[in-house]
Amino acid sequence: MTPLSVFRDDLVLGSIWVEPRDRHTLAPEGLRVLILISIIILEDNMADKKELYEASELYRIRHSTSHIMAQAVVEKFPEAKVAIGPAIEDGFYYDFDLPRPLTPEDLESIEKRMRGIIQSKVDFQRKVVSAEEARMIFHDQPFKLELIAGLEGGEMDDDGNPVTEKPEISLYSQGTFTDLCRGPHVDISTRINPAAIKLLSVAGAYWRGDEKRPMLQRIYGTAWKTPDELKDYLWRMEEAKKRDHRKIGHDLDLFSVVEEVGAGLILWHPKGGKIRKIIENFWSEEHEANGYDFVYTPHIGKAQLWETSGHLGFYKENMYSPVDIEGQQYFLKPMNCPFHVYIYKNSLRSYRDLPLRYAEEGTVYRYERSGVLHGLMRVRGFTQDDAHHFCRPDQMPAEIDFVLNFSLHILRSFGFSAIQAYLSTKPEKSVGLPEQWLAAEEALEESLKRTGVDYEVDRGGGAFYGPKIDLKVKDAIGREWQLSTIQFDFNLPERFDLTYIGEDGQPHRPYMVHRALLGSLERFFGVLIEHYAGAFPAWLSPIQAALIPIADRHVDYARNVADQLRKAGLRVMLYDRSERMNAKIRDAQNQKIPYMLIIGDKEMENDQVALRLRNGENPGPIPVSVFIDRAKDDISSKS
RNA sequence: GCCACCUUAGCUCAGAUGGUAGAGCAGGCGUUUCGUAAACGUCAGGUCAUGGGUUCGACUCCCAUAGGUGGCUCCA
């Protein structure tokens with residue numbers, strides 16, 4: 001038996017014991033997810049996960065391990081300048097300014113020294129000092145001096161409000177190392193299990209996250225209570241790596257990014273393209289059935305357009321340089337909104353025409369710094385499943401209800417059942433009338449309440465042009481991904497002077513709502529790949545059934561079955577090469593094809609196929625028609 | 001963009017201290033016709049990311065460029 005961590009959001013909550021062989025078959029999709037569901041129910045009743053963590057012993061262990069690491073580093077590099085070293089989710093880090101770049105060998109020796117320090121049983125001692133004393137102690141530590149000055153001056157809290165009470169200045173010492181630290185720590189180093197810590201990587205990090213300030217070297221590490229928990233954490237990291245959409249995208253031949261085309265630009269291969277097409281078809285049908293009109297707009301627009309929309313004022317850093325066309329400047333579009341606005345403006349609108357819902361899968365281009373590009377998740381060109389709603393003030397609550405429910409419906413259709421909403425309200429700097437903001441925020445919140453979806457409010461977190469709801473989904477291993485966004489826009493209707501004629505014969509300003517449900521097709525595809533680990537449900541699978549004849553004499557019959565399946569609307573492939581059956585199964589399995597249909601003498605005689613599923617289940621021979629019914633059921637139920 | 005690391009055949013990777021490259025898989029061609037995750041043989045594949053430099057000689061060392069990976073938010 002071997003322990004398997006029960007976790008949520010990478011926070012280990014405990015362990016259960018399973019047979020080693022089950023660990024790999026059950027854990028990733030089956031068992032773990034089941035556990036997750038029950039944990040989520042339990043844990044959602046708990047007050048605040050973050051507070052819980054910070055009060056935990058594990059948090060103290062990690063924070064203290066970070067200090068021990070700092071001690072080891074300072075011993076190795078006496079001239080090191082130390083910055084900060086907190087515990088974080090799953091581990092800790094510490095930032096240093098060092099005379100030279102660290103190597104993997106350095107990490108090994110630091111880690112070894114850390115074990116030595118831990119085993120020497122050092123105490124962690126807390127001491128409160130005055131700012132003056134602190135300055136003396138850290139006279140050659142510029143980062144600490146800056147922190148002391150900050151503490152003394154009374155800094156800002158998370159919301160940017162000045163902290164009124166000056167915190168006391170405390171030190172923690174262990175062994176030869178003293179750090180300016182709020183704590184808490186373990187009392188003695190033996191609380192840390194030297195076999196349950198590991199240094200992971202070194203990365204650059206700006207002092208205080210500010211790119212204008214010095215670049216420090218950050219060492220990341222992890223620490224757990226037991227070696228088994230450490231092992232399990234490392235195993236989880238491996239599992240997450242296996243789900244990496246870049247790896248799966250390559251293995252399953254879904255997409256690529258090549259240097260010759262350009263960084264952050266996606267090539268969709270036929271199989272990825274098939275999945276995209278299925279997503280788009282579904283998307284279109286649902287939009288069609290829900291009162292949307294489809295619009296298509298160009299990829300570039302004149303400078304004046306972006307001037308009016310405000311993009312050249314507020315968004316220019318993310319836009320590419322203009323192209324010159326007959327002396328006029330044109331910009332590649334970073335958003336679709338201005339075009340949709342002009343479709344609205346193209347005729348005089350009556351109050352009877354509203355609401356209008358313009359939808360477009362609009363491809364936009366945004367400049368992203370090279371270092372932040374990441375597979376399908378962060379790219380420079382992508383297609384938004386965009387739409388803009390224009391409605392009257394009296395229609396606004398119903399319109400929000402509609403779009404929120406529509407969003408939830410679409411996300412759930414793709415197998416995302418755990419959805420968390422975030423409502424962001426008026427920031428200090430904003431456009432629009434306060435009463436507009438209030439009405440919109442109230443409509444958003446009331447609507448959230450009616451749907452019953454779990455939500456949090458981020459006061460002051462909205463964009464300057466309007467409040468919004470973001471929807472995040474949890475994937476199969478508990479990670480959150482932001483997909484949908486529903487945003488009010490008080491800015492563009494003003495800037496473009498949008499109106500409709502009311503019952504009173506007078507022009508009125510419409511409300512405008514901008515929304516994307518899947519976000520971008522590229523990113524959404526990446527999330528789907530990781531959520532399903534490449535094993536897409538049948539309705540999304542580029543190939544649904546693989547026909548596997550055992551010997552060449554079965555190929556003709558298999559071809560005949562393939563035709564029947566295609567006529568029934570299934571996507572099939574036939575293994576007609578003279579490989580061994582085992583090799584064909586292995587290949588189909590690696591391609592994560594949902595249904596494998598083995599065909600030998602017995603099947604040929606009885607007009608059957610022997611069904612094998614990619615999870616290893618082997619239901620055996622069934623008539624072709626029975627298989628067709630079963631597959632069609634799975635597909636229509638999207639399971 | 002910045003910091004560190006990385007870039008060898010389509011893919012995954014070997015190639016001490018500088019002496020112009022090797023395996024497995026994939027691919028082509030044969031042979032095999034086989035009941036639930038890899039049959040056997042054979043052939044072909046590389047200006048070692050690109051461009052400079054050091055050297056008698058560079059995949060190996062230095063510099064630049066392009067791509068990639070991990071970070072750059074979570075308060076001492």
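Just so we're clear, the structure is a prediction, and the values are computed from it rather than from any experiment.
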Bracket notation of RNA chain B in which parentheses pair within the strand, [ ] cross earlier pairs, and | pairs with another strand (Watson-Crick or G-U, under 3.5 Å): (((((((..((((.....[..)))).(((((.......))))).....(((((..]....))))))))))))....
What are the atom names and distances for every N/O pair under 3.5 Å that joins the protein to nucleotides 38-44 of chain B?
from, atom 1, to, atom 2, distance (Å)
rA38(B), N9, Arg586(A), NE, 3.4
rA38(B), N7, Arg586(A), NE, 3.3
rA38(B), N7, Arg586(A), NH1, 3.0
rA38(B), N7, Arg586(A), NH2, 3.2
rA38(B), N6, Arg586(A), NH2, 2.5
rA38(B), N1, Arg586(A), NH2, 3.1
rA39(B), OP2, Arg580(A), NH1, 3.3
rA39(B), O5', Arg580(A), NH1, 3.2

Could you run down the sub-3.5 Å N/O contacts of the protein with nucleotides 1-4 of chain B?
from, atom 1, to, atom 2, distance (Å)
rG1(B), OP1, Ser370(A), OG, 3.2
rG1(B), OP2, Ser370(A), OG, 2.1
rG1(B), N7, Gly371(A), N, 3.2
rG1(B), N2, Tyr206(A), OH, 2.5
rC2(B), O4', Tyr206(A), OH, 3.4
rC2(B), O2, Tyr206(A), OH, 3.3
rC3(B), O2, Gly204(A), N, 3.1

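Nucleotides rU33(B) and rU20(B) are separated by 46 Å at their P atoms, to the nearest Å. If you take atom C1' in rG19(B) and the same atom in rC59(B), they sit 12 Å apart, rounded to whole Å. One C1' atom belongs to rG46(B), the other to rA21(B), and the distance between them is 8 Å to the nearest Å. Atom P of rC6(B) sits at a distance of 14 Å from the matching atom of rG15(B), rounded to the whole Å.
With its glycosidic angle within 90° of 0, rG45(B) adopts the syn conformation.
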Gln544(A) vs Ser541(A), side chain to side chain donor-acceptor pair (under 3.5 Å): CA-CA, chis, key distance, verdict: CA-CA 6 Å; Gln544(A) 294 164 321; Ser541(A) 286; over 6 Å; no
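Using a cut-off of 4.0 Å between Lys/Arg side-chain N and Asp/Glu carboxylate O, Asp470(A) and Lys468(A) are scored as salt-bridged.
Taking Thr176(A) as the reference, Gln71(A), Glu75(A) meet the side chain to side chain contact (heavy atoms under 4.5 Å, CB included) condition, with sequence neighbours excluded. Every residue two or more places apart in sequence or in another chain that forms a side chain to side chain contact (heavy atoms under 4.5 Å, CB included) with Arg612(A) is listed here: Ile585(A), Gln589(A), Met596(A), Asn618(A). Applying the ring-ring contact (aromatic ring centres under 6.0 Å, His included) rule to His374(A) yields the partners His245(A); only residues at least two apart in sequence or on another chain are considered. Partners of Lys76(A) by salt bridge (charged side-chain N to carboxylate O under 4.0 Å, His left out), not counting sequence neighbours, listed by chain and number: Asp106(A). Residues meeting the side chain to side chain contact (heavy atoms under 4.5 Å, CB included) test with Gln125(A), sequence neighbours left out: Asp123(A). In terms of the salt bridge (charged side-chain N to carboxylate O under 4.0 Å, His left out) criterion, residue partners of Glu211(A) (sequence neighbours excluded) are, by chain and number, Arg369(A).
Taking atom CG of Leu267(A) as the reference point, atom P of rG10(B) lies 17 Å away to the nearest angstrom. For the pair Phe96(A) CZ and rG71(B) C1', the computed distance is 15 Å after rounding to whole Å. Rounded to whole Å, atom P of rA26(B) lies 15 Å from atom NE2 of His250(A).
By the 4.5 Å heavy-atom criterion applied to side chains, Arg614(A) and Tyr595(A) are not counted as neighbours.
For RNA chain B, the neighbouring residues in residues 541-553 of chain A, judged by any heavy atom under 4.0 Å, are Ile550(A), Ala551(A), Asp552(A), Arg553(A).
Counting only heavy atoms from C-beta on, Ala263(A) has its side chain closest to rG68(B) among rC74(B), rG68(B), rG71(B).
Under the ring pair (Phe, Tyr, Trp, His ring centres under 6.0 Å) criterion, the residue pairs touching residues 133-152 of chain A are Phe143(A)-Trp207(A), with sequence neighbours excluded. For residues 604-624 of chain A, no pair satisfies ring pair (Phe, Tyr, Trp, His ring centres under 6.0 Å), with sequence neighbours left out.
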